[in-house]
Structure formats: C-alpha cells, structure tokens
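Numbered from 1 within each chain, the chains take letters A, B, ... in sequence-line order. Worth saying up front: this structure is predicted, and the values here are computed from it rather than measured.
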There are 2 protein chains.
Amino acid sequence: MTFPLLTDQVTQTLRAQGGRMTAQRRLILDVLQASDSHPTAEELYALARQSDPSLNLSTVYRTLNWLEERGFVSPRRFDDNHAHKHFDPVQPDGGHVHHFHCRKCDRVIEFSAPQVELLLEQIRGEIARQHGLRVDDAALVLSGLCMDCVAKS
Amino acid sequence: MTFPLLTDQVTQTLRAQGGRMTAQRRLILDVLQASDSHPTAEELYALARQSDPSLNLSTVYRTLNWLEERGFVSPRRFDDNHAHKHFDPVQPDGGHVHHFHCRKCDRVIEFSAPQVELLLEQIRGEIARQHGLRVDDAALVLSGLCMDCVAKS
DNA sequence: AACGTTAATGCAAACGATTTGCAACAAGAA
DNA sequence: TTCTTGTTGCAAATCGTTTGCATTAACGTT
C-alpha cells in the first residue's frame with residue numbers, strides 16, 4: 001500500500017532542496033503512515049525490513065531526522081526504558097496526543113484532551129508574537145503515580 | 001549554604017523507608033536548589049564536585065533517580081544534543097516552566113504561561129478521576145521554528 | 001562510645017539509542 | 001547514457017545513563 005499525500009509533499013520538498021526521493025525513504029514514509037501510534041526508529045526499522053530486508057537502521061534515523069527538521073513528523077520522548085524517541089506523522093488537523101508518565105514504574109498512559117487544543121491555540125499565538133517564532137506542534141506531559149503505584153503506596 | 005526545607009523533607013522520607021542521609025545526598029540537594037534552571041546530571045556533578053571532588057557521577061544519577069521516584073524533582077527532556085535529562089526541584093507552589101524546541105537548530109526557549117496553570121488544574125482533576133491516578137507535575141513542550149530559523153527559511 | 005547490619009558509594013565496565021566517516025551506489029538532470 | 005552528487009550500508013564511535021561488586025559509612029542497638 002502507498003500513501004501518496006505525505007509522500008508527494010515530501011518529494012516536492014526534497015526536489016526543491018536538491019534532494020532525492022529514494023526507495024528507502026518511500027518505504028519508511030509508508031510504514032510510518034501505516035502504523036497507528038508513534039513508533040520508535042527501531043520499530044519502523046523492523047516493519048520496513050519486512051518489505052526490504054537490506055534496509056539499514058541508520059537510514060531510518062537519517063530519514064526521520066530529515067523529516068523532523070522539515071516538520072513532517074513530530075517526535076515525542078516518553079520516559080519509558082532508555083527514553084527512545086517516538087515519531088508521529090504530523091496531523092494536518094492538528095490533533096495532539098498527550099501523555100502521563102508514572103514516575104515509579106515508568107508506565108506511559110496516553111490521553112487526549114480537547115481543552116488542550118483550545119489552550120494551545122491561545123498560547124501558540126501569544127508565544128509566537130512574543131518571541132517571533134513559529135509553533136507548529138505541542139505536547140503535554142503529565143507525571144505522577146499511576147493507579148497501581150498509588151495503590152501500592 | 002544549606003537549604004533545610006527540601007533536605008529535611010528528604011531526610012524524613014529516607015528515614016521512613018530505611019534509607020540513610022549521606023553527605024553526598026545533602027550536597028546534591030544543596031546544589032540542585034542553588035541552581036536556578038533545570039541542570040542536567042552532569043551539570044550538577046560539576047557543581048557539586050567543587051565542594052567534594054571525590055563525588056562520583058553515578059552517585060548523582062542514583063540520587064536523582066531516587067528523588068524522581070519520590071516526586072522531589074521533576075525531569076524534563078529537551079531535544080537538545082543527545083537528549084540529556086534535566087532536573088528541577090519540584091516547586092511547592094506548583095509553578096511550571098514550559099519550553100519551546102526549535103526542530104531545526106535544537107535551540108530551547110523557556111516560557112511561562114499563567115493560562116497553562118489554569119488548564120492544568122482542570123485537566124489534572126479530570127484525568128486523575130478518569131484513570132484513577134495521581135498527577136503531580138506537568139510540562140508543556142511546544143516545537144516549531146525559532147526566530148532565527150524562521151528568518152533563514 | 002564501640003558494634004553490627006546493610007544501605008550507599010566509588011570505580012570500572014556494560015548498555016543502548018543515536019550518530020558519523022567513508023567507500024560504494026543510484027536518482028535525476030543534462 | 002553519462003555525470004554529478006545526494007544517499008545508502010556498514011562498522012565503528014559517541015555519549016548519556018545504568019549496573020555489578022568490593023568497600024565504606026549511617027545510624028539503630030548494645
């Protein structure tokens with residue numbers, strides 16, 4: 001399966017900057033869009049390898065970095081074991097997923113909060129004006145004790 | 001200089017759990033409280049070493065982990081080079097510092113937003129009720145392009 | 001104030017995610 | 001098809017953080 005939209009956008013940007021669309025990049029983009037929830041580089045690598053076993057992990061990293069620099073994916077750092085970086089293709093509709101991290105057992109729980117979106121709209125403009133910068137993504141990370149660890153304490 | 005408040009709280013918790021208050025922990029706590037903005041483990045280590053050159057880096061890590069598990073410090077992950085973990089002593093007044101991360105040059109800009117505090121109050125309760133967990137800290141991370149990178153693009 | 005238990009430290013080695021140098025390869029313009 | 005040069009694969013290097021272990025020292029007990 002191919003996802004023309006993002007791939008086309010990326011190809012366009014690539015061309016505009018003298019870059020090249022390769023089979024590897026196309027594959028990584030496809031896998032990224034097919035996966036439903038913020039995979040890590042290793043996870044993408046494993047998935048992509050099913051289609052192209054010769055793909056190399058460093059290519060995945062390089063591609064993700066390139067995409068991140070251009071705002072095509074947004075990285076999320078959870079504090080799960082060894083703090084891998086997770087990647088989401090950026091949603092055109094601007095929906096965000098937020099997280100709760102248990103400081104005791106490192107469990108990560110996702111949640112969405114419509115109110116957050118509203119607030120982000122407000123803040124985005126204000127911060128942008130104040131510092132003259134451009135905000136295109138936001139992530140809220142809560143931390144504390146998860147239900148199990150609350151029970152144990 | 002010594003900061004009795006946090007140190008006393010920690011000592012108390014320590015005792016309650018069969019732990020021991022050591023010179024190293026006292027030193028790390030002091031340095032942590034003296035530093036104004038979310039130092040990394042390495043930074044704390046460098047500062048603390050001025051008072052006790054025999055202090056070991058792994059002791060700093062172990063102490064910070066201990067403090068984090070008990071909610072005495074809150075960690076923040078910026079996406080600066082190699083994603084060090086930064087630590088803040090937890091504010092009793094619950095004030096939070098938030099961050100903007102430039103996806104291009106990795107610069108980190110701090111900001112505070114009173115509206116965020118309000119929102120957090122709302123969300124905290126809701127999330128806590130929904131998932132039966134306890135939220136005691138929150139961090140908002142925005143990302144996009146900083147003023148310089150906006151200018152260059 | 002000395003004693004004993006065991007938590008905490010220092011040290012060095014291990015870990016694991018991510019990055020990088022470099023030679024071989026291939027995308028796409030000419 | 002050729003040529004240029006951006007990209008890949010490979011392997012080694014980085015670097016923040018963790019861990020095993022022998023030694024040290026905190027602090028409740030004697």
Task: Test item: H98(B) and L140(A) side chains (from C-beta on) under 4.5 Å apart, heavy atoms - done: no
Task: Nearest to side-chain heavy atoms of T59(A), which nucleotide of dG10(C), dT8(D), dA8(C) - done: dT8(D)
Open item on the list: Nearest whole Å is fine: how far is dT5(D) C1' from R20(A) CZ?
Closed with: 5 Å
Open item on the list: From CG of L64(A) over to P of dT18(C), roughly how many Å is that when rounded to an integer?
Closed with: 9 Å
TODO: Mind telling me whether F72(A) and W66(A) have parallel, tilted or perpendicular rings, with 30° and 60° as the class edges?
DONE: parallel
- [ ] Figure out the CG/P separation between D52(A) and dT8(D), and round it to whole Å.
- [x] 11 Å
TODO: Provide, to the nearest angstrom, the distance between the CD atom belonging to E43(B) and the P atom belonging to dG16(D).
DONE: 11 Å
Open item on the list: Reading DNA chain C from 5' onward, which residue's closest nucleotide shows up sooner: R25(B) or T11(A)?
Closed with: R25(B)
Task: Close side-chain approach of R25(A) to L14(A), heavy-atom, < 4.5 Å - done: yes
- [ ] Could you tell me whether the phosphate oxygens of dT7(D), OP1 or OP2, come under 4.0 Å of any side-chain nitrogen or oxygen in R62(A)?
- [x] no
TODO: Remember a base hit wins even if backbone is also touched, and classify S54(B) as base, sugar-phosphate or nothing at under 4.0 Å, heavy atoms.
DONE: sugar-phosphate
Task: Nearest-nucleotide 5' precedence on DNA chain D, E42(B) against M21(B) - done: E42(B)
Open item on the list: Nearest whole Å is fine: how far is dT17(D) P from E69(B) CD?
Closed with: 15 Å
- [ ] Take the protein atom OH of Y61(A) and the nucleotide atom P of dG9(D), then report the distance between them rounded to whole Å.
- [x] 15 Å
TODO: Can you tell me the distance, in whole Å, between the CZ atom of R26(B) and the P atom of dA8(C)?
DONE: 13 Å
Open item on the list: Please confirm whether the shortest side-chain N or O distance from T22(A) to OP1 or OP2 of dT8(D) is below 4.0 Å.
Closed with: yes
TODO: Would you indicate whether the side-chain heavy atoms of L133(A) and C102(B) approach each other to under 4.5 Å?
DONE: no
TODO: Examine dT18(C): is either OP1 or OP2 under 4.0 Å from a nitrogen or oxygen in the side chain of N65(A)? Give yes or no.
DONE: no
Open item on the list: Rounding to an integer number of Å, can you tell me how far N56(B) CG sits from dA22(D) C1'?
Closed with: 14 Å
- [ ] Assign each of Q24(B) and A23(A) to its nearest nucleotide of DNA chain C by heavy atoms, then name whichever residue's nucleotide is nearer the 5' end.
- [x] Q24(B)
Task: H86(B) ring center near H99(B) ring center (under 6.0 Å) - done: no
